[in-house]
*Asks:* 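Here it is, the structure, as structure tokens.
What's counted below: heavy atoms across the whole structure, side chains too, no hydrogens, waters or symmetry copies. Convention: sequence-line order gives letters A, B, ...; per-chain numbering from 1.
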Amino acid sequence: MTDTAIPLSTRAAARPVAAPWLADLNPAQRQAVEAVEGPVLMLAGAGTGKTRALTARIAQIIALGRARPHEILAVTFTNRAAREMRDRVARLLGEVGEGMPWLGTFHAIGVKILRRHAELAGLKSGFTILDTDDQLRLMKQVIIAAGIDEKRLPARLLAQIIDGWKNRALTPDRVPGAEGAEFEGRAPALYAAYQQRLRELNCCDFGDLLLHCLTIFRTHEDVLAEWQRRFRYILVDEYQDTNVAQYLWLRLLAQAHHNICCVGDDDQSIYGWRGAEVGNILRFEKDFPGARVIRLEQNYRSTPHILAAASGVIAANRGRLGKTLWTELEEGEKVRLIGHWDGEEEARWIGEEIESLQRGTRGMDPFGLDQIAILVRAGHQMRAFEDRFLAIGLPYRVIGGPRFYERQEIRDAMAYFRLAVSPGDDLAFERVVNLPRRGLGEKALQTIQSTARAHGLSLAGGAEAALAGRKVAGKGAAGLRAFLDGIARWHDAVLAGANHVELAQVILDDSGYTAMWQADRSPEAEGRLENLKELVKALEEFDNLQGFLEHVALIMDNDSGQGGERVTLMTLHAAKGLEFPAVFLPGWEDGLFPSQRSMDAGGLEEERRLAYVGITRAERFCVISFAGNRRIWGQWQAALPSRFIDELPPEHVEVLTPPGLYGGRAAASAAPSASVVEERAAGADVYNSPGWKRLQSRGIHPQAPVRPAKRDEEPAFATGARVFHQKYGYGTVGAVEGNKCDVTFDHAGEKKVIATYLVAGAQAGDVPF
DNA sequence: CATTAGAATAACACC
DNA sequence: TATTCTAATG
């Protein structure tokens, strides 16, 4: 280590040498921790203990007295990573480590900074943060206002383009002329108009949180200097995922002292689609001359076969920085590979495999359910697993699915809260003026909008004016009156500092929103009401509504953890940074993984890195599988095994041949209906496909089901019968179709269930979960 | 203005 | 298949 010459502060010198955070670090990690001054690039392969090194480094900085906790900027990409780092620092340092206000995601830190200088960006400090949904609606308005047919130029596309610009730190005035060609050359103007609208509404979208900061830093030297002075040390996690805006932001902040430590792995760069630039990591040394590059290559996570399989796949990529991961762990099991006839079969097989892992199999110790994960390429693959696991009563948890805060009822409720906090929130106003129905339709809304625009008022103000001028009349008027009075009342309550939890409940009840769902007889209404209750409960953890709203805007990753032992189901993207003793990687088919898009557009390398990320999540058990047929939008489609399967080094892979797809236990528990088998035949040409032959040449022989469609021997339940289901509890049978029944469960709502999993039962109430 | 049936359309990954 | 949008009807 060369930095012993750097003078230590008096406080540090007084400390005993023993430093618990340095214990058990390997030489590379230790180097990364001790090289505190100057730029450092830590190239940390999967499972090499980079979080450990990062947290130890923070501990080192603090313990040596180089900086106090609030003088360290530590950026992560996910809230989960931030939380973990915070916990681990606290564990290393005790109380001293707890107060790290500048440890968080880029976005969370961006807002915090922006709040202090909002006026410099043309905003007021209380600005609201729009989510994707609001963003799209606003863009749609801008498009329409520009007199463009929204069908020709969909808001989604514009949003993509603008996000792309924001990722690259391009404000409307900086968009290069050549880029404006899309949208008939109107995109730049629409971008400017959109930004204008945001400012009028006192709003930011996600990209703005950083972009505004950046603009302020660029134009106000004094402000930049202030933050440069504050952040004496900077640490960045997942550096390979930074986009240009983030990169510039970091570079500005680190410019003065160069005390920046970036940790990343070019092989795990999987966010190119949202603007991440692997180039950032590749040019670090150029940006920060004299940077020390430290490689962490000892892997503590995966057994050799798993590591070798992952390395084999990633080796096909070009332009890597290159790392050689090694491990001292016992050899362990080979990676397993298995082909299935279709997606349902795959889910069925994995379900059974999980059950035998639980019991302990092949001389392996039993796995707990929370040690097992299924990692899929795309969200829609999850359904097959959910269906299957529900059917066999296997507890599971979905991470990253439809998020709590994105549900309709939650967003509606939040719109009400936003109105209470700031009655001028037009987007919120629009969302709920007529929800529940108040007799206000498109026409009334248009009147309100034009009145508002004519007087330069918010929509709420415009509505007042329209009422006063009798431009809105009839039964809509009464409803609107009540709505406006409500907003005024709630806003007063907020200003008066009323208890926000009670207020929230009052708002939901007063507005008639709760009543709306209570009156709703559809099966999901009950669930929605429960969600609303949960929402109100969640408020208790915050000081006020404002704080809550901001929190929600930034918490996009939901780890609704808890709830005992469960199998984890998530996307490969969501899995980055996690590890599991046992991992299933289903759906390795060309077109799905690698995705069709990447195959068309040449994004295969990123896709391959995703495969690498997937395999390296596994500690000691890893199964890759593919299905020959998959149902897409209700249509059966044949697929070839993924080209990545060819890249798996054969000596580290054990090919499993399914024990007769419909023999054995599987057949007894879930016989497919005749129609399903017929449809399956449509995929038979898979056998002549190059992919299939490729596999056979390697000794892989996925079996097709050769079995006549057999009659459903199960006596179906009659419509109206009372039944019991292991997972859903008691319910009443509705339509019956073959061996599938539509059952309206007393508590779980309406579901389609296979008759085998139902038993006759009469009881109402009591759901044994 | 609300309701409804039928058509169009959708799906890659996320802070 | 499941949701969302549109036009037609009450």
*Asks:* Kindly say whether, by distance alone, the side chain of A/R437 makes a donor-acceptor pair under 3.5 Å with the base of B/dA2?
*Replies:*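 Absent.
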*Asks:* Base, sugar-phosphate, or nothing for A/A108, non-hydrogen atoms under 4.0 angstrom?
*Replies:*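 Answer is nothing: A/A108 stays at 4.0 Å or more from every strand.
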*Asks:* Take nucleotides 1-10 of chain C nucleotide by nucleotide from the 5' end and write B, S or -, depending on whether a protein heavy atom sits under 4.0 Å from the base, only from the sugar-phosphate, or from neither.
*Replies:* BS---S----
*Asks:* May I ask you to say what A/Y271 touches in the nucleic acid, namely base, sugar-phosphate or nothing, with a heavy-atom cut-off under 4.0 Å?
*Replies:*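 Sugar-phosphate only.
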*Asks:* Heavy atoms under 4.0 Å, any strand shown: does A/G379 hit a base, just sugar-phosphate, or nothing?
*Replies:*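 Sugar-phosphate only.
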*Asks:* Which residues pass the side chain to side chain contact (heavy atoms under 4.5 Å, CB included) test with A/L136, sequence neighbours left out?
*Replies:*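 A/L136: side chain to side chain contact (heavy atoms under 4.5 Å, CB included) contacts with A/A155, A/R156, A/A159.
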*Asks:* Regarding A/D205, tell me which of base, sugar-phosphate or nothing describes its non-hydrogen contacts under 4.0 Å with the strands shown.
*Replies:*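 The residue A/D205 makes no contact with any strand.
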*Asks:* Please collect all side-chain hydrogen bond (donor to acceptor under 3.5 Å, both in side chains) contacts where either partner lies in residues 609-618 of chain A, sequence neighbours excluded, each pair once.
*Replies:*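 Residue pairs passing side-chain hydrogen bond (donor to acceptor under 3.5 Å, both in side chains), neighbours aside: A/Q268-A/R617.
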*Asks:* Which value, in whole Å, describes the distance between the C1' atoms of nucleotides B/dA13 and C/dT4?
*Replies:*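 Those two atoms are separated by 23 Å.
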*Asks:* Apply ring-ring contact (aromatic ring centres under 6.0 Å, His included) to A/F231 and list each qualifying residue two or more places apart in sequence or on a separate chain.
*Replies:*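 Per chain and number, A/F231 pairs via ring-ring contact (aromatic ring centres under 6.0 Å, His included) with A/W102, A/W227.
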*Asks:* Could you tabulate the donor-acceptor pairs under 3.5 Å formed by side-chain atoms of residues 270-279 of chain A, not counting sequence neighbours?
*Replies:*
residue: A/Y271; atom: OH; partner: A/H573; partner atom: O; Å: 3.4
residue: A/W273; atom: NE1; partner: A/I270; partner atom: O; Å: 3.1
residue: A/W273; atom: NE1; partner: A/H573; partner atom: NE2; Å: 3.4

*Asks:* Indicate whether any N or O donor in one side chain lies under 3.5 Å from an N or O acceptor in the other, for A/Q141 and A/E430.
*Replies:*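 There is such a pair between these side chains.
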*Asks:* With sequence neighbours left out, what residues match A/F127 under ring-ring contact (aromatic ring centres under 6.0 Å, His included)?
*Replies:*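 Checked A/F127 against ring-ring contact (aromatic ring centres under 6.0 Å, His included); zero matches.
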